[in-house]
Asks: 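Following this message is one structure expressed as structure tokens.
Keep in mind that what you see is a predicted model, and the values were worked out from it rather than measured. Residues take their numbers from the sequence shown, with the count starting at 1.
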Amino acid sequence: MTTIAQLVEVHRLAVAGQEAGIARDAGNRVAKRWLRRSRFTDVVVLANATLTLGPYAAALHDLGAAQASTGQSRQALGTYERALHLYREAKDRAGEAATLGNVGLVYDGFGDRQQALTCYRQALAINQEVGNRVNEAATLCNIGALYNGLGERQKALTYHRQALTITQEEETAPAKQPS
């Protein structure tokens with residue numbers, strides 16, 4: 001098993017050697033772990049280093065997540081918009097949906113609930129299209145929370161129940177075998 005320290009060193013060497021593919025892979029793996037551990041400043045440095053090798057949607061997405069988590073919502077929105085453009089250009093629907101969900105969270109934080117709802121609905125449709133049930137449930141929860149914040153408890157409950165159903169189905173489904 002590769003340790004985080006090893007991946008960080010691989011990333012550093014790949015950036016220094018202008019090996020974009022290796023840097024992107026290692027950087028993406030490290031950033032995902034660091035975001036879960038609230039190492040936001042480290043993610044910013046890592047993503048920016050990766051981006052010196054050219055535009056990369058996943059690095060922008062990770063950078064946006066770090067920015068949003070540290071109160072830099074305006075910067076995060078711009079970063080997410082750049083990632084969204086790249087995901088759409090690459091026809092990466094899963095990346096597009098994840099980014100739309102995060103853009104929705106930023107708008108919700110701004111208090112622009114209508115714009116947040118628009119993003120959430122787009123993300124929901126894409127998650128359903130690509131069959132990403134886990135992210136579909138997360139998006140339904142975000143929509144439910146938005147309606148709850150608006151005082152529309154019945155609508156909120158409807159979305160939360162849908163999310164719960166999906167989560168329960170996913171927990172009881174047999175593990176998917178790698179293809």
Asks: Closest heavy-atom contact between Gly27 and Thr50?
Replies: CA-OG1, 4.5 Å

Asks: State the CZ-OG1 distance between Arg88 and Thr99, to the nearest 0.5 angstrom.
Replies: 9.0 Å

Asks: Looking at Arg39, Arg36, Lys32, which hits salt bridge (charged side-chain N to carboxylate O under 4.0 Å, His left out) with Asp62?
Replies: Lys32

Asks: Taking C-beta and beyond as the side chain, do Leu63 and Val43 meet within less than 4.5 Å on heavy atoms?
Replies: no

Asks: Under 4.5 Å between side-chain heavy atoms, counting indirect links through other Ile/Leu/Val/Met/Phe/Trp/Tyr residues: same cluster for Val30 and Leu35 or not?
Replies: yes

Asks: Compare every heavy atom of Pro55 with every heavy atom of Leu86, then report the nearest pair and how far apart it is.
Replies: CD1-CB, 3.8 Å

Asks: Go through the structure and list residues passing ring-ring contact (aromatic ring centres under 6.0 Å, His included) with His11, not counting sequence neighbours.
Replies: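 His11 satisfies ring-ring contact (aromatic ring centres under 6.0 Å, His included) with no other residue.
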
Asks: Would you mind reporting whether Val106 and Tyr80 have side-chain heavy atoms less than 4.5 Å apart?
Replies: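 Yes - at least one pair of side-chain heavy atoms lies under 4.5 Å apart.
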
Asks: Please say which of Asn142, Leu164, Leu140, Asn148 ends up in a side chain to side chain contact (heavy atoms under 4.5 Å, CB included) with Tyr159.
Replies: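 Filter result, single survivor: Leu140.
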
Asks: How many angstroms lie between CG in Leu146 and SG in Cys119, if you round to the nearest 0.5 Å?
Replies: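 Leu146 CG to Cys119 SG: 11.0 Å, rounded to 0.5 Å.
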
Asks: For the residue pair Gln75 and Gln67, what are the closest heavy atoms and their distance?
Replies: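 It is O-OE1, 3.3 Å.
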
Asks: Going hydrophobic residue to hydrophobic residue with side-chain gaps under 4.5 angstrom, can you get from Leu51 over to Val15?
Replies: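 In one cluster: no.
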
Asks: Under the criterion side chain to side chain contact (heavy atoms under 4.5 Å, CB included), I'd like the reasoning laid out for Val134 against Asn132: C-alpha separation, chi angles, the key distance, then a yes or no.
Replies: CA-CA 6 Å; Val134 172; Asn132 189 330; 3.9 Å; yes

Asks: Would you say Asn127's side chain and Ala123's backbone share a donor-acceptor pair under 3.5 angstrom?
Replies: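 Yes; at least one donor-acceptor contact below 3.5 Å.
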
Asks: Please examine the side chains of Asp42 and Val44, heavy atoms only from C-beta on, and report whether any two atoms are closer than 4.5 Å.
Replies: no

Asks: For the backbone of Gly78 and the side chain of Arg82, can you confirm whether one donor and one acceptor N or O come within less than 3.5 Å of each other?
Replies: no

Asks: Of all the heavy-atom pairs spanning Ala156 and Gly144, show the shortest one and how long it is.
Replies: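 Residues Ala156 and Gly144, closest heavy atoms: CB-O, 3.2 Å.
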
Asks: Using the rule that two of Ile, Leu, Val, Met, Phe, Trp, Tyr join whenever any of their side-chain heavy atoms come within less than 4.5 Å, decide whether Leu124 and Val130 are in one cluster.
Replies: no

Asks: Can you check whether Ile4 reaches Val8 side chain to side chain, under 4.5 Å on heavy atoms?
Replies: yes

Asks: How many angstroms lie between atom CG of Asn28 and atom CZ of Arg24, to the nearest 0.5 angstrom?
Replies: 11.0 Å

Asks: Is the shortest heavy-atom distance from the side chain of Tyr147 to the side chain of Leu117 under 4.5 Å?
Replies: yes

Asks: Can you name the nearest heavy-atom pair linking Cys141 to Ala163, along with the distance?
Replies: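 That closest heavy-atom pairing would be SG-CB, 3.6 Å.
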
Asks: Is there a side chain to side chain contact (heavy atoms under 4.5 Å, CB included) between His61 and Thr79? Walk through the geometry before answering.
Replies: CA-CA 7 Å; His61 187 270; Thr79 302; over 6 Å; no

Asks: If we ignore hydrogens and angles and just use 3.5 Å, is the side chain of Gln6 paired with the main-chain N or O of Thr3 as donor and acceptor?
Replies: yes

Asks: Which residue pairs satisfy the salt bridge (Lys or Arg N to Asp or Glu O under 4.0 Å) criterion with at least one member in residues 137-154, sequence neighbours excluded?
Replies: Glu152-Lys155

Asks: Taking all atoms of both residues into account, what is the closest heavy-atom pair of Arg93 and Ile126, and its distance?
Replies: O-CG2, 3.1 Å

Asks: Do Glu136 and Arg133 touch side chain to side chain, with heavy atoms closer than 4.5 Å?
Replies: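 Yes - at least one pair of side-chain heavy atoms lies under 4.5 Å apart.
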
Asks: Give every residue pair that meets the ring pair (Phe, Tyr, Trp, His ring centres under 6.0 Å) criterion with at least one member in residues 17-58, sequence neighbours excluded.
Replies: none

Asks: Decide yes or no on side chain to side chain contact (heavy atoms under 4.5 Å, CB included) for Asp108 and Asp112, but give the supporting numbers first.
Replies: CA-CA 5 Å; Asp108 202 4; Asp112 188 345; over 6 Å; no

Asks: Does some side-chain heavy atom of Phe110 sit less than 4.5 Å from a side-chain heavy atom of Arg74?
Replies: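 The answer is yes, as the side chains (C-beta and beyond) meet within the 4.5 Å cut-off.
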
Asks: Should Leu53 and Leu60 be counted in the same cluster of Ile, Leu, Val, Met, Phe, Trp and Tyr side chains packed under 4.5 Å apart?
Replies: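 In one cluster: no.
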
Asks: Closer than 3.5 angstrom, by distance alone: can the side chain of Thr172 be matched with the main-chain N or O of Glu169 as a donor-acceptor pair?
Replies: yes

Asks: Distance from Thr139 atom OG1 to Ile166 atom CD1, nearest 0.5 Å?
Replies: 9.5 Å

Asks: Flag the pair Leu100 / Tyr120 as yes when at least one side-chain heavy-atom distance between them is below 4.5 Å, and no otherwise.
Replies: no

